[in-house]
Amino acid sequence: MPKLSVTIITRDEAANLAAALDSVAWADEIVVVDSESTDATVEIARRYTSKVLVRSWPGYVAQKNRAAEEASHDWILSLDADERVSPALAAEIQAL
């Protein structure tokens with residue numbers, strides 16, 4: 001079965017991030033690329049994964065691409081911090 005990496009780019013998403021990460025805790029890998037947050041975003045991310053990269057904001061596409069480059073697996077789900085993977089979607093992804 002192919003492994004799945006989940007990537008999330010963030011900046012000051014402390015209010016949203018834990019719920020997003022909880023919804024993908026089943027993934028094989030989680031990668032967070034943060035754009036120098038001033039809140040607790042990075043600390044929250046580090047509770048879920050050791051793959052947390054902090055870097056300046058180069059633009060949306062460049063940041064998303066950097067997150068994909070940090071992913072170890074070929075299958076990547078790119079999630080925004082205010083999005084959630086429903087249990088039904090998680091089950092469907094895992095079944096594939």
Side-chain angles (χ1 to χ4, degrees):
M1 171 184 263
K3 293 191 174 198
L4 176 73
S5 295
V6 173
T7 61
I8 302 177
I9 63 171
T10 58
R11 175 157 173 92
D12 295 332
E13 289 287 353
N16 293 313
L17 188 57
L21 293 170
D22 280 337
S23 78
V24 293
W26 50 268
D28 299 297
E29 174 185 58
I30 298 172
V31 177
V32 177
V33 178
D34 183 73
S35 299
E36 302 175 328
S37 289
T38 59
D39 63 5
T41 298
V42 171
E43 291 79 14
I44 293 166
R46 286 190 175 134
R47 285 188 233 148
Y48 291 83
T49 180
S50 61
K51 291 196 89 166
V52 179
L53 174 66
V54 178
R55 67 190 298 248
S56 62
W57 177 254
Y60 184 79
V61 173
Q63 200 76 322
K64 284 281 192 178
N65 286 339
R66 181 55 189 263
E69 290 168 6
E70 292 293 321
S72 301
H73 308 301
D74 291 336
W75 289 85
I76 299 171
L77 172 61
S78 178
L79 194 67
D80 289 337
D82 63 347
E83 295 179 316
R84 311 294 177 260
V85 173
S86 69
L89 178 58
E92 187 173 341
I93 291 170
Q94 290 170 314
L96 294 173

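Under the 4.5 Å side-chain heavy-atom criterion for Ile, Leu, Val, Met, Phe, Trp and Tyr, Leu79 and Val31 are members of distinct hydrophobic clusters. Note on Leu77: it clusters hydrophobically with Val32, by side-chain heavy-atom contacts below 4.5 Å among ILVMFWY residues. Residues Trp75 and Val6 are members of one and the same hydrophobic cluster, defined by side-chain heavy-atom contacts under 4.5 angstrom among Ile, Leu, Val, Met, Phe, Trp and Tyr. By the criterion of side-chain heavy atoms lying less than 4.5 angstrom apart, applied directly or through intervening Ile, Leu, Val, Met, Phe, Trp or Tyr residues, Ile9 is not grouped with Leu17; the two fall into different hydrophobic clusters. Ile30 and Ile44 fall within a single hydrophobic cluster, where Ile, Leu, Val, Met, Phe, Trp and Tyr are joined by side-chain heavy atoms under 4.5 Å apart, directly or via other members.
With sequence neighbours excluded, the residues forming a side-chain hydrogen bond (donor to acceptor under 3.5 Å, both in side chains) with Arg55 are Gln63, listed by chain and number. Residues satisfying the side-chain hydrogen bond (donor to acceptor under 3.5 Å, both in side chains) test with Asp80, not counting sequence neighbours, are Lys64. Qualifying side-chain hydrogen bond (donor to acceptor under 3.5 Å, both in side chains) partners for Asp12, counting only residues two or more places apart in sequence or in other chains: Thr38. Under the side-chain hydrogen bond (donor to acceptor under 3.5 Å, both in side chains) criterion, Glu70 pairs with Arg66, sequence neighbours left out.
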Cut-off 3.5 Å, no hydrogens considered: what does the side-chain donor-acceptor table look like for residues 85-96, sequence neighbours left out?
residue	atom	partner	partner atom	Å
Ser86	OG	Leu89	N	3.0

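In this structure, the side chain of Asp28 engages the main chain of Leu4 through a donor-acceptor pair within 3.5 Å. The backbone N or O of Ser35 sits less than 3.5 Å from a side-chain atom of Arg11, completing a donor-acceptor pair.
A pairwise comparison of heavy atoms in Glu13 and Asn16 identifies OE1-ND2, 2.8 Å as the closest pair. Nearest approach of Ser78 to Glu83, heavy atoms of both residues: O-OE1, 4.4 Å. Summarising the geometry of Ala20 relative to Ala81, their closest heavy-atom pair is CB-O, 3.4 Å, with the distance given to 0.1 Å. Scanning both residues, Ala40 and Ala14, for their nearest heavy atoms gives N-CB, 3.9 Å.
Pairs engaging residues 29-44 under the salt bridge (Lys or Arg N to Asp or Glu O under 4.0 Å) rule: Glu29-Lys51 [sequence neighbours left out].
Considering OG1 of Thr10 and CG of Leu53, their distance stands at 10.0 Å, rounded to 0.5 Å.
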Applying side-chain contact (heavy atoms from CB on, under 4.5 Å), run through Leu21 and Ile8 and close with a yes or a no.
CA-CA 9 Å; Leu21 293 170; Ile8 302 177; 3.6 Å; yes
